[in-house]
Amino acid sequence: MSTTIWIILAGAVATYLSRIGGHLVLSRFERVHPRVEAGLNAVPAAVLTTLVAPVATTGGPAEWAALVVAGMVALRGGLSAMFVAGAVVLIVLRNVL
């Protein structure tokens with residue numbers, strides 16, 4: 001097998017183990033402390049920020065326009081609509097500019 005296949009398989013195994021490990025740890029408790037629950041609820045926003053921040057600081061006009069459009073759609077639409085609108089704007093502007 002090629003190195004790429006091994007890397008993909010290792011990544012899949014690491015992802016699975018980290019997800020099932022978290023579930024197994026949390027399933028041992030009857031009740032999760034409110035601070036832990038608040039921290040876990042903040043994880044999606046933190047991950048999204050780590051994906052958006054580098055683009056916002058080093059991106060070009062296409063990336064900035066996609067961020068603005070995604071932000072405006074997020075105010076009125078749902079999460080899926082925001083991602084689709086940002087991706088469409090980014091793809092179109094990268095092919096045009």
Do [X] and [Y] land in one hydrophobic cluster if side-chain heavy atoms of ILVMFWY residues count as linked below 4.5 Å?
X	Y	value
L24	Y16	yes
L93	V69	yes
V52	L79	yes
V84	L48	no

Might you point out which heavy atoms bring [X] and [Y] nearest each other, and give the distance in Å?
X	Y	result
L97	P61	CD1-CB, 4.3 Å
M82	A70	CG-O, 3.2 Å
V55	W64	O-NE1, 3.9 Å
P44	N41	CD-O, 3.4 Å
V73	A85	CG2-CB, 3.7 Å
G86	A66	O-CB, 3.5 Å

Working to the nearest 0.5 angstrom, can you tell me the gap between [X] [atom1] and [Y] [atom2]?
X	Y	atom1	atom2	result
T15	I20	OG1	CD1	13.0 Å
H23	R28	NE2	CZ	10.5 Å
T4	L9	OG1	CG	11.0 Å

